[in-house]
2 protein chains.
Amino acid sequence: MDKEKELLAAALKLFVEFGFHGTPTSKIAKEAGVANGTLFHYFKTKEELIVKLYIRIKEELNGHMLSKLDDQTPLEIRMKTVYEESIQWALVHRDEFYFIQQFHFSPHLAKVSAEDLEKQTRMHAALLGEGVESRIFKALPVNLIGTLLASQLYGVHQYLVNNDLPVSKQKEVIDETFVLLWQMITNIKS
Amino acid sequence: MDKEKELLAAALKLFVEFGFHGTPTSKIAKEAGVANGTLFHYFKTKEELIVKLYIRIKEELNGHMLSKLDDQTPLEIRMKTVYEESIQWALVHRDEFYFIQQFHFSPHLAKVSAEDLEKQTRMHAALLGEGVESRIFKALPVNLIGTLLASQLYGVHQYLVNNDLPVSKQKEVIDETFVLLWQMITNIKS
DNA sequence: ATTTTTATAGAGTGATCAGTCAGTCTTATA
DNA sequence: TATAAGACTGACTGATCACTCTATAAAAAT
């Protein structure tokens, strides 16, 4: 087995349950089934482990999204895909998503390089830019539109986590709220 | 001077800068200008301090909102007041608001009693209930409407933090986005 | 076959930190 | 004024933790 992956998986599980400072490196090593020192063979410091875990998870999410997007489809479809697939991914990968949020409100965020951060928003920025340039979006600042999209996405995900509905109902909520969002940010009359 | 308040203020400042585990109780005491042991005279444990700080801040926010609400005004005005005043408060009390978010994604949240949590959503629940019963809102689950409101509120706040606009422009963004939100969740045609 | 490099182990270490304790100072009350 | 109660102090402690170090085993390179 790949000990590095074991360590990251163990860390994720423990961080979500006990928080960053609530999980000593010794517990991570134990949970991963390796010796204490082995952890420091793969990661120079605990912080490096945390940051790498974050980047790894973000890459997974990004890879997933890219695999679902098709440049040939119209903007609305691609936006819908991003919206729906993001929520679905977050529902399936609960620990990972919670970890991302935890990480975002921690001082560790500052340790992520600017490039790494930029890499993760590039796709969204491209989509939003397209919407603005093609005048499909309302005449609002592009960042504001991005914020509206992101926050509603987070919100609807939170709603689905708090109220466990059958999968079909979940899909309905996602579809309905996307229509609401689309009406809000575009000039299109339905 | 009130040492308990000094301690809470010092803790807030340090927590926001260094995170919960990044700030030892010794530093909090020093920053507050009191002896180490005094901290434990007022708070049995570090965790109690953190939780009390959270509740204190939430009470302040709630008190502020209540002072701005007038039962006589129509629902739309009251909702707008909640929306606008929440964002304004968060902009003025940056540290407090950041702390709330930090706290929300930490294991400490579990230590807040159910009553304390309920107390903080009562006002919002009442407003939302009124909107549903009066059929002003669309026929959507009340929690979903609440989520849509809350998430957009958070989002617009984040947008204003990331882009520093003159106050008049800020007000414009708040007004505009409230109209968008209101159109999204109500049946009213503008 | 021999050397070098890499992976793994786990006991050990120095620093840090939450929380204690024994005692002093301040204030209120009798 | 005497006494009690509460506020306050800061040195101290026991535990914990991130990280190191030495040693060994496995794998790769020569």
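No experiment lies behind these values; they were computed from the predicted model shown. Below, each value reflects all heavy atoms present in this structure, side chains not excepted, and no hydrogens, waters or symmetry copies. All chains are named by letter (A, B, ...) in the order of the sequence lines, taking the proteins before the strands, and each is independently numbered beginning at 1.
Residues B:Glu6 and B:Lys3 are not paired through a salt bridge, judged by the lack of any N-O separation under 4.0 Å between the basic side chain and the carboxylate.
Residues A:Tyr159 and B:Ser151 bring no donor and acceptor atom of their side chains to less than 3.5 Å of each other.
Within residues 4-18 of chain A, no residue is approached by DNA chain C to less than 4.0 Å at the level of any non-hydrogen atom.
A 4.5 Å side-chain heavy-atom check between B:Glu76 and B:Phe178 finds at least one atom pair inside the cut-off. Under the 4.5 Å side-chain criterion, counting only non-hydrogen atoms from C-beta, B:Thr147 is not in contact with A:Asn162.
Between A:Phe43 atom CZ and D:dC17 atom P there is a gap of 20 Å when expressed in whole angstrom units. Look at CZ on A:Phe40: it is 5 Å from C1' on D:dA18, rounded to the nearest Å. To the nearest angstrom, C1' of C:dT8 lies 14 Å from CG of A:Asp2. The nearest whole Å value for the distance from the CG atom in B:Asn36 to the P atom in D:dA7 is 18 Å. The distance between atom CG of B:Leu39 and atom P of C:dT20, rounded to the nearest whole Å, is 12 Å. Whole-Å rounding puts the B:Ile28 CD1 to C:dA18 P distance at 7 Å. A straight line from NZ of B:Lys44 to P of D:dA7 spans 13 Å, rounded to a whole angstrom. The distance from atom NZ of A:Lys30 to atom C1' of C:dG10 is 13 Å, rounded to the nearest whole Å.
Checked against a 6.0 Å centroid threshold, the rings of A:Phe97 and A:His157 count as neighbours.
Side-chain nitrogen and oxygen atoms of A:His41 include at least one within less than 4.0 Å of the OP1 or OP2 phosphate oxygen of C:dA7. When the side-chain nitrogen and oxygen atoms of A:Thr25 are compared with OP1 and OP2 of D:dC17, none of them lie within a distance under 4.0 Å.
Between B:His108 and B:Phe103, the two ring planes are parallel [angle under 30°; tilted spans 30° to 60°].
Taking only side-chain atoms of B:Val34, from C-beta outward, the nucleotide of C:dG19, C:dG10, D:dT9 with the closest atom is D:dT9. The side chain of B:Pro24 sits closest to C:dA18 out of C:dA18, C:dG10, C:dA7. Side chain of B:Ala35, nearest nucleotide from C:dA18, C:dG10, D:dT9: D:dT9. The side chain of B:Lys46 approaches C:dA18 more closely than any other nucleotide in the set D:dC19, C:dA18, C:dA9. For B:Thr45, whose side chain is taken as the heavy atoms from C-beta onward, the closest listed nucleotide among C:dG19, D:dT20, C:dG10 is C:dG19.
The structure places CG of B:Leu127 at 12.5 Å from CD1 of B:Ile145, a figure rounded to the nearest 0.5 Å.
Residue contacts shown for A:Lys3 are limited to sugar-phosphate atoms, with no base heavy atom under 4.0 Å away.
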